[in-house]
Chemist: 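The structure is given below, and queries will be raised subsequently.
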There are 2 protein chains.
Amino acid sequence: MDDAQLKLSSQVCFPVYSASRLITKAYKPYLDEMGITYPQYLVLLVLWENDSLSVNQITEKLLLNTNTLSPLLKRMEKMELLQRNRSETDERSVIVQLTEKGKNLKDQAKPIPEQLIKILLTENIKISDVLQLKEMLNEWITILTEDNKNLE
Amino acid sequence: MDDAQLKLSSQVCFPVYSASRLITKAYKPYLDEMGITYPQYLVLLVLWENDSLSVNQITEKLLLNTNTLSPLLKRMEKMELLQRNRSETDERSVIVQLTEKGKNLKDQAKPIPEQLIKILLTENIKISDVLQLKEMLNEWITILTEDNKNLE
DNA sequence: GGCGTTTATGTCGTGTGCGATGCAAATGTA
DNA sequence: TACATTTGCATCGCACACGACATAAACGCC
């Protein structure tokens, strides 16, 4: 093998890394209006779908660890977007629920997906392409999360 | 645009975000052996290709800002992987060059791309699919970096 | 030459991410 | 019932990312 594979341009992972950061940045103007960050937006997304989730359930849905989510949820609690309470049936668990303020942000967030998809669809990129990309990334996510489990 | 399409952005942006983190994690065991992080690996990649680059040239290649790269490069200088020197022709510029130690890491890094691609290729995902994904992400990167320039 | 503007880099503050580790509640098992 | 183990959450330390801002060198224009 020659050096060709060590060229930045031939790396597949770099575009994923860059696109991720740039997409987060594309969300920023919309999320700024709501006073939240992209990871906080993800937490809201899962809580708009589920009235009540434990910290552990959120980590599973967002593929983030508790050491990332715990401080993040605390910040969101301080912003009065959600409440954190110990479970009564299992004192180890912390149950997260949206406040009225958190629930109400849902309306404000509604137009965001449409704005984003407008940016990401082009002459060369159709919806079908996006769906295909989504499938591939999800398969990678499955592989890579399984990999991590195997290490334990 | 129907509901399914509205949710599309969250359905595709989140996988990009998650895949990026998981891929970085997949690199970790290999990079740990070299004592470097993924962003530091990216810096090495561009410096293995270019003997001498200014900080600004690196920011353009990696799409990172100076406020991210400056401390990162300082850490790499402390690790004796590279040198930072003011340009003689333009005192504003800082020229970055690899040390022998930095250059020598190239051999150790050579097997990494192959290892990674082994993980990412499956029954359902062929090399041609990966290349297609790369094309799409690169188009998004073009769009999103152009977007940022327009804001200035 | 004088001086406002641009350019290249850097610092600071905040918010993630995550490995390592701590700790208390729950669970399994002899 | 004792006690080792597991589970759920959290803290700590470090390394990104990035917006806002600072600073000095170079440039442009008169």
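Residue numbering restarts at 1 for every chain, and letters A, B, ... go by the order of the sequence lines.
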Chemist: For the residue pair B:Lys61 and B:Leu53, establish whether any side-chain heavy-atom pair is separated by less than 4.5 Å.
Modeler: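 Yes, at least one pair of side-chain atoms sits under 4.5 Å.
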Chemist: Apply side-chain contact (heavy atoms from CB on, under 4.5 Å) to A:Ala26 and list each qualifying residue two or more places apart in sequence or on a separate chain.
Modeler: A:Leu116, B:Leu144
Chemist: Quick test: give all pairs of protein nitrogen or oxygen and nucleotides 9-13 of chain D nitrogen or oxygen below 3.5 Å, distance rounded to 0.1 Å.
Modeler:
residue, atom, partner, partner atom, Å
D:dC9, OP1, A:Val55, N, 3.4
D:dC9, OP1, A:Val94, N, 2.8
D:dC9, OP1, A:Val94, O, 3.4
D:dC9, OP2, A:Asn56, N, 2.6
D:dA10, OP1, A:Arg84, NH2, 2.6
D:dA10, OP2, A:Ser70, OG, 2.5
D:dA10, N7, A:Thr66, OG1, 3.3
D:dT11, OP1, A:Lys74, NZ, 2.8
D:dT11, OP2, A:Lys74, NZ, 3.4

Chemist: Taking NZ from A:Lys28 and C1' from C:dG15, how many angstroms apart are they, rounded to a whole number?
Modeler: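 These atoms are roughly 11 Å apart.
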Chemist: Taking only residues two or more places apart in sequence or in another chain, which ones pass side-chain contact (heavy atoms from CB on, under 4.5 Å) with B:Glu60?
Modeler: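 Here the qualifying residues are B:Asn56.
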Chemist: How many whole angstroms separate atom CZ of B:Arg75 from atom P of D:dC14?
Modeler: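 Taking CZ of B:Arg75 and P of D:dC14, I get 11 Å after rounding.
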Chemist: Just the rounded figure in Å: distance from C1' of C:dT16 to CG of B:Leu64.
Modeler: 15 Å
Chemist: Calculate the interatomic distance between B:Asp90 atom CG and D:dA26 atom P; express it in whole Å.
Modeler: 5 Å
Chemist: Identify all side-chain donor-acceptor contacts of residues 29-39 of chain B below 3.5 Å with residues at least two apart in sequence or on another chain.
Modeler:
residue, atom, partner, partner atom, Å
B:Asp32, OD1, B:Lys28, NZ, 3.2
B:Asp32, OD2, B:Lys28, NZ, 2.8
B:Thr37, OG1, B:Gln40, N, 3.4

Chemist: Below 4.5 Å, heavy atoms only, C-beta onward: do A:Trp140 and B:Val130 meet side chain to side chain?
Modeler: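 Yes, side chains in contact.
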Chemist: Below 4.0 angstrom, which residues in residues 40-50 of chain B have at least one non-hydrogen atom near DNA chain D?
Modeler: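 Heavy-atom contacts with DNA chain D come from B:Gln40.
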Chemist: Using the ring of each side chain (for Trp, its six-membered ring), is A:Trp48 parallel, tilted or perpendicular to A:Tyr41, with breaks at 30° and 60°?
Modeler: perpendicular
Chemist: Please report the distance, rounded to the nearest Å, between NZ in B:Lys25 and P in C:dA20.
Modeler: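 Whole-Å distance recorded here is 11 Å.
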Chemist: Under the side-chain hydrogen bond (donor to acceptor under 3.5 Å, both in side chains) rule, what pairs show up with a residue in residues 124-138 of chain B, not counting sequence neighbours?
Modeler: A:Glu139-B:Asn124
Chemist: Both A:Glu88 and A:Tyr38 contact DNA chain C. Which one's nearest nucleotide lies toward the 5' end?
Modeler: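 Closest to the 5' end, via its nearest nucleotide, is A:Tyr38.
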Chemist: Answer yes or no: does a side-chain N or O of B:Tyr17 lie under 4.0 Å from OP1 or OP2 of C:dG17?
Modeler: yes
Chemist: Would you give the length of the straight line joining atom SG of B:Cys13 to atom CD1 of A:Ile112, rounded to the nearest 0.5 angstrom?
Modeler: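 CD1 of A:Ile112 is found 11.0 Å from SG of B:Cys13.
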